[in-house]
There are 2 protein chains.
Amino acid sequence: MLPSKNSYTDIKEIVLARIRDHTWPPGSIIPGEIELAEEFGCARATVNRAMRELAEDGILDRKRKAGTRVNKSPVRHAKFAIPLVRIEVESTGAAYRYTLLNKKIFIAPAWLRARLSLGDSAEVLHLQCMHFADNTPFQFEDRWINIDAVHNIENADFTTIGPNEWLVNEMPFTDVEIAFSARVADKKLAEYLSLSIGEPVFTTERITWLSGTPITFARFSFGRGYSLKTRF
Amino acid sequence: MLPSKNSYTDIKEIVLARIRDHTWPPGSIIPGEIELAEEFGCARATVNRAMRELAEDGILDRKRKAGTRVNKSPVRHAKFAIPLVRIEVESTGAAYRYTLLNKKIFIAPAWLRARLSLGDSAEVLHLQCMHFADNTPFQFEDRWINIDAVHNIENADFTTIGPNEWLVNEMPFTDVEIAFSARVADKKLAEYLSLSIGEPVFTTERITWLSGTPITFARFSFGRGYSLKTRF
DNA sequence: CAGTGGTCTAGACCACACA
DNA sequence: GTGTGGTCTAGACCACTGC
C-alpha cells in the first residue's frame, strides 16, 4: 500500500503516470476500484472520483461489470467558453455596439425546416444584426427563431438588445449543437464585415432545443483575423 | 423539505429551474450547502456534487466563505473531442492514408521562437505531412518539434506513422493551447489540399507543453467543407 | 446471476477568504 | 476568527451488463 497518496488528484497523477509509462497500456483493463483503494490506502469514493474525472477527460473508458479500460484512441476534449458577444468584445477593452439590420417573419424555408425538423407551415422570425468592437465590425449574426416555441417573442423589439442576449435571458434550453467552419465572404457578408468578396470568414453555427423542441438556428460570421482560443 | 428529490441530477434540475424562473436571478447568492441539503432531504455531499458540476459548466460561481452565486455572464462551455486524425477519418468509414512530405532540422525561426519561448539557437524538427480520407486530401499538417524537449526524436522516422500519433504515444504533455480560425489557401496549401488559391481553409493551431517546456507547435489545415461539430 | 461501477449517507476535518 | 466550500471516510444499496 502506498502511503500518504490519498487525494483524488494524487490518484489521477499516479494513474496518468502508469498509462504514460505503459504499466497500463492502451486498451488494457486496470484494477477495480476496491483493489485500487486498498493499494492507495484510501476510500473507494476517492478512487471513484479520480477515475470518473479521467473518464470525463476521455482518458479512461468505464463500464459496469466490464471494468475500467485505458482508452485506445487518446481523444482529448477541449473545452471552449462560449460567452455572449457583448462580453467577448468588452473583455478586450473595446466598446461594444449593436445594430439590428433586418427583422421579418417568414414561413420557414425548406433548408431550415430540414435543419430544425419544423412542419411545412412553421413560421420563423428572421433577424440579421451586427456586433461592433470600437466601431469595427466584429460579428454578423444571422438568426432564425421558431416563433411557436418562443411565445412572447412579439414583445421583443431587438433594437437595443441582441437576440442572443435576449434569448439567453428569456428562453431556457436543454440541448445545443455547435459547428465551426471556414466560409467564403459573399457580397453581403463582405459589405457587413468590411471584407473583400471571397475572403475567408470564421463561422460558427448553433442550434438550440428545449427538450426536443427546436428554438433557434443562428449563424455567426466573424470579422477578419478572429480566432477562437482555449487552453487546458 | 421536498420529498424523494435526492439524486444529484434531480438537484441540478431544480437549481437550473430556479435560475431560469428567476427565483435565483443572475448574480444573486444562493443558500449554502447545508441549508440546501436540509431542504432537499439529502446529504451535503449530494448537494456538493450537483453544485460542483454546475460550477464546472459555468452556471454557478463558487468561492469558499463567499458562498455560491449564479454566474452573471451565462458563459456556456462547449466540449470538443480532439481525436487523432486517423481515428477521425476512419470513423467516417473512409480509408486513412498518411504521407510524409518534408522532414528537416532547422534553427527555429524568429516567429516560432516567440511562440514557444525558445532560445536564439534552439533547433527544431520541421515536418510537413498529409492525411487522406479515401485518397482525397483531408488534412495538411505543418509541425515544428522542439528537439531538446523530445530527446529520442532522432529515432523516429515518421514515414509510416504521423508525428501527432507518435507524439501522443511517446511524449506526455501537461498543457495545450488550441486556436481555431479561417485562413486563405496559398499556392502550396491549394496544391496539397486540391483547392483553388484563395479558398477559405479551416485551420487549427496547437501548442503543447510539458510542465513549462514547449514541446511542439502544429498547424492543421483541413480540406474543403470540413466542419468541427459538438453537441451538449 | 454476479461483479463492476454509480450513487448516497452521516460524519469529520481542512483550506481558504472575508470580516 | 469564522463561515463557506473542498475533500475524505466507511459503509451501504442500487443499476447496469457481461457471462
Side-chain angles (χ1 to χ4, degrees), chain A residues 1-16 18-19 24 26-72 75 77 79 232, chain B residues 1-16 18-19 24 26-72 75 77 79 232:
Chain A
M1 189 216 291
L2 293 179
S4 69
K5 289 291 183 185
N6 45 2
S7 86
Y8 79 97
T9 44
D10 292 339
I11 294 179
K12 283 174 75 170
E13 286 306 317
I14 296 173
V15 171
L16 282 173
R18 289 193 186 168
I19 293 172
W24 294 333
S28 65
I29 197 162
I30 75 178
E33 296 190 347
I34 320 100
E35 194 176 329
L36 288 176
E38 279 170 14
E39 190 200 345
F40 298 137
C42 66
R44 183 168 81 95
T46 307
V47 175
N48 181 276
R49 173 153 184 197
M51 309 298 267
R52 177 159 38 83
E53 292 196 356
L54 288 172
E56 269 170 21
D57 291 346
I59 309 286
L60 299 177
D61 190 24
R62 319 193 78 197
K63 271 186 202 148
R64 287 167 148 114
K65 168 76 180 177
T68 300
R69 292 179 173 281
V70 180
N71 209 321
K72 271 205 129 158
V75 179
H77 291 270
K79 233 177 157 185
F232 59 97
Chain B
M1 192 215 289
L2 293 179
S4 69
K5 288 293 183 184
N6 46 1
S7 86
Y8 79 95
T9 44
D10 292 338
I11 294 178
K12 283 174 76 171
E13 286 306 317
I14 296 172
V15 171
L16 282 172
R18 289 193 186 170
I19 293 172
W24 293 333
S28 66
I29 197 161
I30 76 179
E33 295 190 349
I34 321 100
E35 193 176 331
L36 288 176
E38 280 170 16
E39 190 200 347
F40 298 137
C42 67
R44 184 167 81 94
T46 307
V47 175
N48 182 277
R49 175 154 182 197
M51 309 298 267
R52 177 159 38 84
E53 292 196 355
L54 288 172
E56 269 170 21
D57 290 346
I59 310 286
L60 298 177
D61 190 25
R62 319 193 77 199
K63 272 186 199 145
R64 286 166 149 117
K65 170 73 179 177
T68 300
R69 292 179 173 280
V70 179
N71 209 321
K72 268 203 145 154
V75 180
H77 291 269
K79 239 177 148 184
F232 59 96

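Quick note: numbers below take in every heavy atom, side chains included, and nothing from hydrogens, waters or symmetry partners. All chains are named by letter (A, B, ...) in the order of the sequence lines, taking the proteins before the strands, and each is independently numbered beginning at 1. Quick caveat, the model's predicted, so the values are computed rather than measured.
One interatomic measurement links the two molecules: CD of B/E53 to P of C/dG6, which rounds to 12 Å at whole-angstrom precision. Per the geometry, CD belonging to B/E33 stands 15 Å off C1' belonging to C/dA10, to the nearest Å. Rounded to whole Å, atom P of D/dT7 lies 11 Å from atom CZ of A/R52. Counting to the nearest Å, the P atom of D/dC14 and the NZ atom of A/K65 are 19 Å from each other. When the P atom of D/dG5 is taken as reference, atom CD1 of B/I11 falls 14 Å away, rounded to whole Å. Remark: P of D/dT7 and CZ of A/F40 are 18 Å apart, rounded to the nearest angstrom. Rounded to whole Å, the distance from CG on B/L36 to P on D/dG3 is 18 Å. The distance between atom NZ of B/K63 and atom P of D/dG3, rounded to the nearest whole Å, is 20 Å.
For C/dG11, neither phosphate oxygen OP1 nor OP2 lies less than 4.0 angstrom from any side-chain nitrogen or oxygen of B/R44. Within the 4.0 Å cut-off from OP1 or OP2 of D/dG5, not a single side-chain nitrogen or oxygen of B/N48 is found. Of the side-chain N and O atoms in A/Y8, one or more sit less than 4.0 angstrom from OP1 or OP2 of D/dT7. For C/dT7, one of the phosphate oxygens OP1 or OP2 lies less than 4.0 angstrom from a side-chain nitrogen or oxygen of B/R49. Within the 4.0 Å cut-off from OP1 or OP2 of D/dG3, not a single side-chain nitrogen or oxygen of B/R64 is found. Side-chain N/O atoms of B/T68 include none lying less than 4.0 angstrom from OP1 or OP2 on D/dT4. Phosphate proximity of C/dT7 to B/T46: absent, as no side-chain N or O sits under 4.0 Å from OP1 or OP2.
In this structure the side chain of B/E56 reaches within 4.5 angstrom of the side chain of B/R52, judged on heavy atoms. Put simply, the side chain of A/L54 reaches to within 4.5 Å of the side chain of A/K12, judged on heavy atoms. A heavy-atom distance below 4.5 Å is not found between the side chains of A/R18 and A/V15. Within the 4.5 Å cutoff, the side chain of A/V47 has heavy atoms near those of the A/I11 side chain. For the pair B/T68 and B/D61, the minimum side-chain heavy-atom distance is 4.5 Å or more.
With C/dT9, D/dT9, D/dG3 as the candidates, the nucleotide lying closest to the side chain of A/C42 is D/dT9. Set against D/dT9, D/dG5, D/dG3, the side chain of B/R62 has D/dG5 as its closest nucleotide.
Positionally, the nearest nucleotide of DNA chain D for A/A45 lies more toward the 5' end than for the other of A/A45 and A/A66.
Remark: the backbone N or O of A/G58 is paired with a side-chain donor or acceptor of A/N71 at under 3.5 angstrom. Side-chain atoms of B/R44 do not come within 3.5 Å of backbone N or O of B/A37 as any donor-acceptor pair.
Distance check, rounded to the nearest 0.5 Å: CE of A/M51 to CD of A/E33 gives 6.5 Å.
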Worksheet entry | Pairing annotation in dot-bracket form, given for DNA chain C with Watson-Crick or G-U pairs under 3.5 Å and | for cross-strand partners | ||||||||||||||||||.
